[in-house]
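In what follows, a structure is listed as structure tokens, so that the remarks can point back to it.
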Amino acid sequence: MSEPNSSDVNSSQSNLILVAGATGGVGQLVVAKLLAQNYSVRILTRNEDKARNMFGDRVEIKVGNILEPATFNEPDALGEALQGVSQLICCTGTTAFPSLRWDFTNLWQPINTPRAVDGEGIKNLVTAASSDLARFVFVSSCGVLRKDKFPFKLLNAFGVLDAKLEGEQAIKNSGIPYTIIRPGRLIDGPFTSYDLNTLFQAKTDGKKAVVLGTKDTLNGETSRIDVANACVECLNYSTTINQTFELVNTGNKSTPTNWEQLFAQL
Ligand SMILES: NC(=O)c1ccc[n+]([C@@H]2O[C@H](COP(=O)([O-])OP(=O)(O)OC[C@H]3O[C@@H](n4cnc5c(N)ncnc54)[C@H](OP(=O)(O)O)[C@@H]3O)[C@@H](O)[C@H]2O)c1
């Protein structure tokens with residue numbers, strides 16, 4: 001493969017990457033890929049013990065909740081997590097339908113809903129980010145522009161696609177260079193969702209080709225491995241700056257994924 005055409009990582013001053021949602025399925029793979037490529041990695045998590053068990057001391061851990069922006073009384077955990085960071089990769093998420101992940105401490109008013117995490121939480125990260133951030137990479141979802149069509153109408157029953165689109169728009173309006181990745185239904189481990197693909201442990205075995213699109217017209221399943229690869233690879237290509245694209249896996253993969261070629265289509 002030829003050399004990347006331009007790189008945030010090479011041009012940025014600190015080369016410290018913050019991964020929000022690092023303990024999730026895609027997030028764990030993003031961290032593994034960054035570490036394999038010798039990046040300095042900081043992660044944002046609500047659960048330090050879980051993160052320490054996963055990553056040991058290979059990453060710097062900051063504890064914070066994206067639903068809790070700085071207030072008069074509270075320390076600015078998000079601002080601190082973003083201090084000195086050159087790129088942010090955000091793979092946070094919750095379940096599209098009610099589950100324990102919504103945090104029903106108050107039965108009638110769950111806390112960690114899609115509207116909160118994918119909408120308000122992303123706005124809080126944007127507010128906390130400095131204008132020096134070289135890239136905000138955000139994992140959104142296929143279907144954000146097709147909420148009136150099956151199966152997205154169903155998926156959006158509790159507002160996950162509305163919230164993802166709100167999050168996307170907050171990032172775009174911020175002026176921070178961004179890359180927004182819209183995967184289809186996630187397959188391949190780590191299996192962290194509560195859905196049929198998790199039940200059946202649906203896998204690609206790395207054998208399916210990556211297809212990108214830009215108008216939210218693609219349908220299908222997406223390997224968590226390829227979402228994580230795209231999150232990290234996009235940092236190396238200026239063609240992905242201020243781009244939004246869907247990513248699905250379809251057809252057999254005959255050669256290794258050529259990200260440069262894929263990103264050049266955007
Ligand atoms: N499942 C699908 O089929 C599908 C389809 C399209 C797009 N997506 C999107 O793909 C991304 C990755 O999905 P995944 O299944 O790999 O995710 P996941 O395993 O559900 O992980 C979600 C992560 O978000 C973090 N998180 C949740 N609420 C948070 C909060 N309030 N503050 C800080 N962190 C919070 C969790 O971290 P801690 O618990 O450590 O704090 C966890 O690491 C998500 O954005 C998801 O919406 C999923």
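All heavy atoms count here, side chains included; hydrogens, waters and symmetry mates do not. Residue numbers count from 1 along this sequence. When a ligand or atom number is given, it counts from 1 through the structure's own listing order.
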Determine, using heavy atoms of P183 and all atoms of ligand 1, whether some pair is separated by less than 4.0 Å.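 Yes, that is the case, since the closest heavy atom of the residue is under 4.0 Å from the ligand.
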Nearest protein heavy atom with distance in Å, relative to [atom]:
atom	result
atom 47 (O) of ligand 1	K164 NZ, 2.9 Å
atom 9 (C) of ligand 1	S140 O, 3.8 Å
atom 19 (O) of ligand 1	T192 OG1, 2.5 Å
atom 34 (N) of ligand 1	T92 CG2, 3.7 Å
atom 33 (C) of ligand 1	I66 N, 3.7 Å
atom 1 (N) of ligand 1	S193 OG, 3.4 Å
atom 27 (C) of ligand 1	G93 O, 3.3 Å

Under 4.5 Å between any side-chain heavy atoms of [X] and [Y], yes or no?
X	Y	value
Q37	L235	no
V232	Y39	yes
T244	K172	yes
I66	V117	yes

Under a single-linkage definition using a 4.5 Å side-chain heavy-atom cutoff for Ile, Leu, Val, Met, Phe, Trp and Tyr, are I61 and V41 assigned to the same hydrophobic cluster? yes
For the pair [X] (side chain) and [Y] (backbone), establish whether a donor and an acceptor sit closer than 3.5 Å, ignoring hydrogens and angles.
X	Y	value
R42	G84	no
R146	C142	no
Q28	T23	yes

Gap between atom NZ of K62 and atom CG of L44 - 0.5 Å precision: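 Going from the CG atom of L44 to the NZ atom of K62 covers 10.0 Å.
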To the closest 0.5 Å, what do you measure between SG (C231) and CZ (R224)?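 Going from SG on C231 over to CZ on R224, the span is 12.5 Å.
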May I ask you to check whether [X] has an N/O atom sitting below 3.5 Å from an N/O atom of ligand 1?
X	result
T23	yes
R224	yes
L186	yes

At a 4.0 Å threshold, what atoms of ligand 1 neighbour a non-hydrogen atom of [X]?
X	result
R185	3 (O)
G184	5 (C), 6 (C)
L67	31 (N)
S141	6 (C), 7 (C)
R101	20 (O)
K50	38 (P), 39 (O), 40 (O)
G24	18 (P), 19 (O), 21 (O), 42 (C), 43 (O)
V26	12 (C), 16 (O)

Between R182 and ligand 1, which part of the residue brings a heavy atom under 4.0 Å of the ligand: side chain, backbone, both or neither?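 It is neither part, as no heavy atom is under 4.0 Å.
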Is it the side chain, the backbone, both or neither of N112 that has a heavy atom closer than 4.0 Å to ligand 1?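 The side chain, only.
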Apply salt bridge (Lys or Arg N to Asp or Glu O under 4.0 Å) to R115 and E166, showing your working. CA-CA 9 Å; R115 283 190 192 282; E166 257 181 50; 5.1 Å; no
Can R182 and E168 be counted as an ion pair, charged N to O under 4.0 angstrom? yes
Ion pair check, D118 and K164, cut-off under 4.0 Å: yes
Selected option - heavy-atom contact closest to [atom], from [options]:
atom	options	answer
atom 30 (C) of ligand 1	E120, Q28, R46	R46
atom 25 (C) of ligand 1	G64, G21, A20	G21
atom 11 (C) of ligand 1	V139, D103, L247	V139
atom 31 (N) of ligand 1	L155, L78, N65, T113	N65

Quick one: which residue pairs count as a ring-ring contact (aromatic ring centres under 6.0 Å, His included) with a foot in residues 101-126, not counting sequence neighbours?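 Sorted result for residues 101-126: W102-F158.
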Any chance CG of N106 has more than 12 other-residue heavy atoms, nucleotides or ligands included, within less than 6.0 Å? yes
